[in-house]
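Accompanying notes for the structure given below.
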Amino acid sequence: MKTKTLNPLKTLPLAILLILALSHLPLLAQSPTFRDVPISHFAFEAVNWVSNPENGAFMVGDAANNFNPTRNLNKFEAAQIYAMAAGYRHSAATLSPAEQDILTRSFETWRPLLDDIAAEFTTWNRTVDREISYLLYRGIITPDEAKSFVSRTGTNETRELLTREEAVAWMVRLVGQAPHAQAVQFHTLFRDDAQISPQYRHYVYHAREIGIIHGSGGYMNPVAHFTRAEMATVFYNALSGPTPEQAAVTGSHSTITGTISNVFLDTHVTITSAAGTETFPIAQNAVLMIDNVQRTASFLRENMNVTVLVDANRQIISLVAREQAQSSSQQTAATPAVLDEGFVTAVSSAFNTVTIRTQRVRITGQVIDDERVFYHTPNTVITNGGLAAKFEDIQIGDIVFFSYSGANINTLEIMERERTLTGVLADVRPPDNQGAAPVVVIEENDGSLYEFRVLSVTEITRDENAVNWSDLRIGDRVTADVEHDRLARVSANGERTLVNGRLNEIRITERNTEISVTRDDGTTFNYIVRPGVYDVYSLRIGMSLRIQLDSREVISVQNQSNEQAQNVVLGFIQAVRADNTIVVVENQGTTTRTHTIAVPTGTPVTRSGVTMSTSELRVNMNVYIVTTAEGSNIARSVTVLP
């Protein structure tokens, strides 16, 4: 896969907070990707870069092929983009098992915090919990920042927009520059320096020093908001490789000898030498020799002695490093422990060594696959399932989480290879368009969620009959035998029931539709309607329904009401007005009705389960609108239909 090397230290002065002159961005030899970002647009190259699948496609357009460059981003939308840029993938099958475990571990670690926040705010977007957990796990956002995604004034809740200073801080952390930002000496940079929040000032200053931002007219405008085009330019400046003009620069080379003091993202290395401390980007085609073996940058470690050759752009084009194994008695506080995860590929009792293969996903989506030998010492602590284990318990194929100093293992945790789970089927996801395996999500009895791939050899039964994965139903009681991230066999049991109740809400997505029903006993439950089972567009809020269920999935629906509820509008948008109203045309049989609906700021707007802004509503969109009351022309919620 073709990728560009991360280069936050590039010298080309691209301004991200003002409209760039066209001459500063060389045009791509291609047609515009989006209708609303022509070649003449200041962010043309940046938008095409961030939407290119070769670079991770972490910012994309809408179904109408618009990028919406002038729209601001709320923090939930921004979290999805930053998470994808940092390596998060919605399809676990695109990651190694170790990386998949990181997704699960990050969610389990931070779910209690997000549960507490969601309990406080009704407008918290739970569909982004996993991305937010991943950002928290990676240290790209802080818990306090997560708590700021929604604010409340009186009884009104608002999903907050991401400010410029927050976006810059997230970006500096994402590219691994946070330690360097903390050491920045403050000096006058912008005319509005005093407006930059103290907790973000060092991030903003460092971002300016390494060329990610430049300001507009001498101002930072720290609490203003980023448009999508400006956000794309931030990512382009921070993550793209050298421009053709930079690559063509020639000049003298220089040799630097010193000690590695920091390595981050496998793309940059900080070296302390007689001339001082400096961070260098590693050229994509650089030759790296480590202990006389050609390696990738993943093998670089702090405190290695190193000699590098840098070009005129201060990029490392060749590197020679050496590391000697240390005994535990030689290890000191100057050799910090490093945490990692991977697979055991070899175990040697004769030499007390464990060979571990690690896999990482770089920001641009490239998978880095490395293998390294580590030494087991008398002080190494080994556990298996939380219990003390021995060196002899380590087996080839084990997934391990470990810490090490130099070449010696400090701690090693063996993940359970085979286990049995009992719980409820929480979700079933079909293969994606790239051929990834189907995924089942099991909620264990203690509330923990786990994702497993369904293989061609997976044994599946439901009600004691052999079935396909697509015959499983959300809500089934299941017992599953799993190995790492794979589903070996699963036994499911469903329950068919009849439910009478009143329809409260319909949430429509591309894959499933969820309806909320208050049953006759006063309890409210959510049920799944898969595509093709029932025409949910014929339903109206307030209808009295009789529902046939298979576990939590709807098999059939009968309308028990004699009249239709009147607080629903289903039609297409004819006009969008500046006073926060939209004109919707509704066709009911041979009758056409026109409604003028007020959509106040903060009204929940969703499309395919993803939260949108009211400013994203466009002419000709099909919408399902629930009003505040019968006969009301004020929207309570708006769903944009596929």
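As the structure is a computational prediction, the values presented were derived from the model and not from experiment.
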*Give a yes or no on whether a salt bridge exists between Asp116 and Lys147, defined as a side-chain N under 4.0 angstrom from a carboxylate O.*
no
Worksheet item: Any side-chain donor paired with an acceptor under 3.5 Å for Thr233 and Glu230?
Response: no
Are Arg111 and Glu108 ion-paired here, with the side-chain N under 4.0 Å from a carboxylate O? yes
Output for pair (Ile597 CD1, Ile634 CD1), nearest 0.5 Å, gives 9.5 Å
Arg71 vs His225 side-chain heavy atoms within contact, under 4.5 Å: no
Test item: side-chain donor near acceptor, Thr158 and Ser151, under 3.5 Å:
no
So the ring pair (Phe, Tyr, Trp, His ring centres under 6.0 Å) pairs with at least one residue in residues 137-161 (sequence neighbours excluded) are Phe76-Phe149, Trp124-Phe149
Requested in this report: Start with the C-alpha distance between Thr596 and Thr581, add both sets of side-chain angles, then the distance that settles side chain to side chain donor-acceptor pair (under 3.5 Å), and finish with yes or no.
Outcome: CA-CA 7 Å; Thr596 300; Thr581 62; over 6 Å; no
Heavy-atom closest pair (Glu616 atom, Met621 atom, distance to 0.1 Å) is O-CE, 3.4 Å
Distance col, row Glu505:CD vs Glu514:CD, nearest 0.5 angstrom, shows 8.5 Å
Are the side chains of Thr594 and Val583 in touch, meaning some heavy atoms are under 4.5 Å apart? yes
TODO: Give the intermediate values and the outcome of salt bridge (Lys or Arg N to Asp or Glu O under 4.0 Å) for residues Arg473 and Glu553.
DONE: CA-CA 6 Å; Arg473 294 289 175 260; Glu553 295 190 16; 3.5 Å; yes
Between Glu45 and Tyr236, is the side chain to side chain donor-acceptor pair (under 3.5 Å) condition met? List the steps. CA-CA 8 Å; Glu45 184 175 7; Tyr236 179 80; 2.8 Å; yes
Scanning both residues in full, the closest heavy-atom pair of Thr614 with Pro600 reads CG2-O, 4.0 Å
To the nearest 0.5 Å, atom CG of Leu136 lies from atom CH2 of Trp110 at 5.0 Å
Can you tell me if Thr163 uses its side chain to pair, donor with acceptor, with the backbone of Glu166 under 3.5 Å? yes
Sorted by chain and residue number, the side chain to side chain contact (heavy atoms under 4.5 Å, CB included) partners of Thr523 (sequence neighbours excluded) come out as Arg519, Asp521, Phe525
Are Arg173 and Glu145 close enough for a salt bridge, meaning some N to O gap below 4.0 Å? yes
Open item on the list: For Phe235 together with Tyr82, are the ring centres under 6.0 Å from each other?
Closed with: yes
- Is there a side-chain contact between Ile474 and Asp427, using heavy atoms and a 4.5 Å cut-off? yes
*Could you walk me through whether Leu73 and Leu161 pass the side-chain contact (heavy atoms from CB on, under 4.5 Å) test, one step at a time?*
CA-CA 6 Å; Leu73 292 160; Leu161 299 178; over 6 Å; no
Checklist entry - Is Glu77 paired with Arg159 through a side-chain N to carboxylate O contact shorter than 4.0 Å? => result no
On a heavy-atom basis, the closest approach of Pro143 and Leu113 is CB-CD2, 4.0 Å
CG of Asn125 to CD of Glu131, rounded to nearest 0.5 Å, is 9.0 Å
Smallest heavy-atom separation, Ala232 atom then Phe67 atom, equals CB-CZ, 4.3 Å
Exercise for review: Would you check if the side chain of Asp62 reaches a backbone N or O of Asn65 as a donor-acceptor pair within less than 3.5 Å?
Suggested key: yes
Worksheet item: Taking C-beta and beyond as the side chain, do Leu162 and Asn74 meet within less than 4.5 Å on heavy atoms?
Response: no
Any side-chain heavy atom of Ile528 sitting closer than 4.5 Å to one from Thr513? no
On a heavy-atom basis, the closest approach of Ala86 and Leu174 is CB-CD1, 4.2 Å
Q) Does the side chain of Leu545 reach to within under 4.5 Å of the side chain of Arg502, using non-hydrogen atoms? A) no
Relative to Tyr88, does Arg130 satisfy both conditions: NZ or CZ under 6.0 angstrom from the six-membered ring centre, and within 45 degrees of the ring's axis? no
Nearest heavy-atom contact between Tyr203 and Val168 is O-CG1, 3.8 Å
### Message
With no hydrogens and no angle check, just 3.5 Å: does a side-chain donor-acceptor pair link Thr142 and Asp144?
### Response
no
I'd like to know if the side chain of Thr603 reaches the main chain of Val599, judged simply by a donor and an acceptor atom lying under 3.5 Å from each other, with no hydrogens or angles considered.
no
Let's go through Ser637 and Ile625 carefully: what are the C-alpha distance in whole Å and the side-chain angles of both, what is the deciding distance for side-chain contact (heavy atoms from CB on, under 4.5 Å) to 0.1 Å, and is it a yes or a no?
CA-CA 6 Å; Ser637 66; Ile625 301 174; over 6 Å; no
- Taking 4.0 angstrom as the limit, do Glu165 and Arg201 come out as a salt bridge? no
Exercise. Quick one: are Val584 and Val623 in side-chain contact, heavy atoms under 4.5 Å?
Worked result: yes
Carboxylate-amine/guanidinium proximity below 4.0 Å for Arg152 and Glu157: yes
Interatomic distance, CD1@Ile582 vs CD@Gln574, rounded to 0.5 Å, equals 11.5 Å
Can you confirm whether Phe226 sits close enough to Asn72 that some side-chain heavy atom of one is under 4.5 Å from a side-chain heavy atom of the other? no
Audit row: Ile547, Ile515, side-chain contact (heavy atoms from CB on, under 4.5 Å) steps and yes/no
CA-CA 11 Å; Ile547 303 172; Ile515 61 175; 4.0 Å; yes
- Does the side-chain contact (heavy atoms from CB on, under 4.5 Å) test come out yes or no for Leu114 and Arg126, once each step is laid out? CA-CA 8 Å; Leu114 301 186; Arg126 302 234 64 171; 4.2 Å; yes
Separation between CG (Asn504) and CG (Asn526), nearest 0.5 Å, reads 9.0 Å
